[in-house]
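Heads up, the thing below is written out as structure tokens.
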2 protein chains.
Amino acid sequence: MSDRPFHHGNLRAVLLEQAETVLRERGIDALSLRELAREAGVSHGAPRSHFIDRNALLDALAERGFVRLADEVREAAAKAPGDYVRTLRAAGTAYLRFGLREPALADLMFAAKADGPSPAVSAAAERLFDTMTSIMSTGVAPGGYDARDVGRLTLLLGTTIQGISAFIASHRITAAQGEALLDDAITLFIAGAAAGRQSPSGK
Amino acid sequence: MSDRPFHHGNLRAVLLEQAETVLRERGIDALSLRELAREAGVSHGAPRSHFIDRNALLDALAERGFVRLADEVREAAAKAPGDYVRTLRAAGTAYLRFGLREPALADLMFAAKADGPSPAVSAAAERLFDTMTSIMSTGVAPGGYDARDVGRLTLLLGTTIQGISAFIASHRITAAQGEALLDDAITLFIAGAAAGRQSPSGK
DNA sequence: ACCTGAACACCGTTCAAGT
DNA sequence: ACCTGAACACCGTTCAAGT
């Protein structure tokens, strides 16, 4: 532990990895740049070469979170057999389980920020939204809902899942209740959109 | 500024008031006990007599937030004229506007916490839930949904509104989009629950 | 019961200097 | 290009002591 070269060579990745662990195990308040540097075996000023400040590190974490969440949702949907309702359910469940596994990270990803998300975070979030949209699109053909309702339904399901996730993370409901709510939401959304073919937003 | 009595007499309330302002204007990261003490004109140790630590202050803020939100939702619902759908819409809109006015506070109220909310916060949150439940109950009689669906529908609408609020606060959608989504959600939920009288959660 | 003020350990951030 | 290490200003928290 003494002949480590001057250049770490891997510092950025190591910091992010450690940061995710701290976030998961001890929450965002316990996340300190100095501690991360200490554990990486570098001086406390070193992280500055990779993250301009603590917030930049948090942004990078949020960005990675969105990418991972999008991947997990897409995979879950791809593996789901059968009709589009089951696909939606699988995607939604994957979303909820991500929040269950990484509550602090999920919080960070959707935290209220005065100036909005950084471009990188925004792009990663859009990736998730695109994934959800393409999954929602599979329900158009079989006589489900109309193609022009996809955007709105995606947003509606997305916000609902996000709300369920927040309720679980803040211990307002249990995970089981959350999954039941997800089922209800999908059923009602789909049924409502397919049955009431008149525009739902009509006054 | 020199003949102030030893006992502030009002410190707890002043700290909370100032804290809400800081939270609103500069976010949770800018909230410092020492600064609050400074602005209240007391020593930095003084807040300790009222809040055991920073987290206790945050809990008190969240608790007050839930009480205020419940009040605003109840009032909005009471003032809403006409049928229960409009009442629900008014209640939901009040909820969204609270999040718009106090994004950081709303974040705090629904933040993921490892050990769950404190008893006081939990009680205040329940007050909000009770308010939502009683509003949702007004839709039972007129041939809307079944009485045994009220609990589930309340939870579903609550999570959905929360999700919409989070999407707005994190700049994922605009406030106008959020209100449109709320309309859609209410329409679909009500329509789905009233029309499909078979249990929505049935597999 | 409430507040003061010193003390302690910890931060984030900056920046000249080194490699 | 990346890292070191001193320096600065700021925290939260504790606690004996004052009123």
Side-chain angles (χ1 to χ4, degrees), chain A residues 1-23 25-62 104 108 111 113-115 118 120-121, chain B residues 1-23 25-62 104 108 111 113-115 118 120-121:
Chain A
M1 59 167 67
S2 58
D3 56 336
R4 187 179 42 76
F6 180 82
H7 283 82
H8 189 286
N10 207 19
L11 186 55
R12 199 192 128 96
V14 167
L15 290 174
L16 285 171
E17 207 66 41
Q18 252 308 308
E20 281 178 3
T21 303
V22 172
L23 198 59
E25 296 178 352
R26 288 153 52 212
I28 194 169
D29 288 341
L31 198 62
S32 134
L33 287 177
R34 287 179 102 111
E35 185 188 311
L36 292 177
R38 240 178 279 130
E39 273 163 18
V42 294
S43 83
H44 68 261
R48 241 258 162 148
S49 304
H50 303 280
F51 305 101
I52 185 66
D53 58 17
R54 185 175 186 270
N55 226 289
L57 173 70
L58 295 182
D59 276 349
L61 289 175
L108 179 61
K113 296 187 61 177
D115 315 305
S118 74
V121 172
Chain B
M1 60 167 66
S2 58
D3 57 335
R4 188 179 42 77
F6 182 81
H7 283 81
H8 187 287
N10 207 17
L11 187 53
R12 199 191 128 95
V14 167
L15 290 175
L16 285 172
E17 208 66 42
Q18 253 308 307
E20 280 178 5
T21 302
V22 173
L23 197 59
E25 296 178 353
R26 288 153 53 212
I28 193 168
D29 288 341
L31 198 63
S32 132
L33 287 178
R34 286 179 104 112
E35 184 188 312
L36 292 177
R38 241 178 281 132
E39 273 164 19
V42 295
S43 82
H44 69 261
R48 240 251 159 159
S49 303
H50 304 279
F51 304 102
I52 185 66
D53 57 18
R54 186 176 186 270
N55 225 290
L57 172 70
L58 295 182
D59 275 350
L61 289 175
L108 179 61
K113 295 188 59 176
D115 315 306
S118 74
V121 172

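The figures that follow rest on heavy atoms only: side chains count, while hydrogens, waters and symmetry mates do not. As the structure is a computational prediction, the values presented were derived from the model and not from experiment. The chains referred to below are lettered A, B, ... by the order of the sequence lines, with proteins before strands, and numbering in each begins at 1.
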Residues in contact with DNA chain C, drawn from residues 50-57 of chain B - heavy-atom cutoff 4.0 Å: B/H50
For DNA chain C, consecutive-pair runs of 3 or more (Watson-Crick or G-U wobble, both H-bond-type distances under 3.5 Å) give C:4-8 with D:12-16, C:12-16 with D:4-8
Take the protein atom CZ of A/R12 and the nucleotide atom P of D/dC3, then report the distance between them rounded to whole Å. 12 Å
Determine: side-chain N/O of B/S43 to OP1/OP2 of C/dT4, distance under 4.0 Å, yes or no. yes
So, do A/D59 and A/K113 sit near enough that their side-chain heavy atoms are less than 4.5 Å apart? yes
Could you give the side-chain donor-acceptor pairs of residues 42-57 of chain B under 3.5 Å, partners two or more places apart or in another chain?
unit_1	atom_1	unit_2	atom_2	d
B/S43	OG	B/G45	N	3.4
B/R48	NE	B/I52	O	3.4
B/D53	OD1	B/N55	N	3.2
B/D53	OD1	B/A56	N	3.0
B/R54	NE	B/L31	O	3.0
B/R54	NH2	B/I28	O	2.8
B/R54	NH2	B/L31	O	3.0

Rounded to whole angstroms, how far apart are CZ on B/R48 and C1' on D/dC15? 9 Å
Could you give the CG-to-C1' distance, from A/L11 to D/dA1, as a whole number of Å? 13 Å
Could you pull out all residues at least two apart from A/R12 that satisfy side-chain hydrogen bond (donor to acceptor under 3.5 Å, both in side chains)? none
Can you give me the N/O atom pairs linking the protein to nucleotides 6-10 of chain C at distances under 3.5 Å, or say none if there are none?
unit_1	atom_1	unit_2	atom_2	d
C/dA6	N6	B/H44	NE2	2.7

Listed partners of A/E17 passing salt bridge (charged side-chain N to carboxylate O under 4.0 Å, His left out), at least two apart: A/R64
Between CG of A/D29 and P of C/dG12 the distance, given in whole Å, is 12 Å
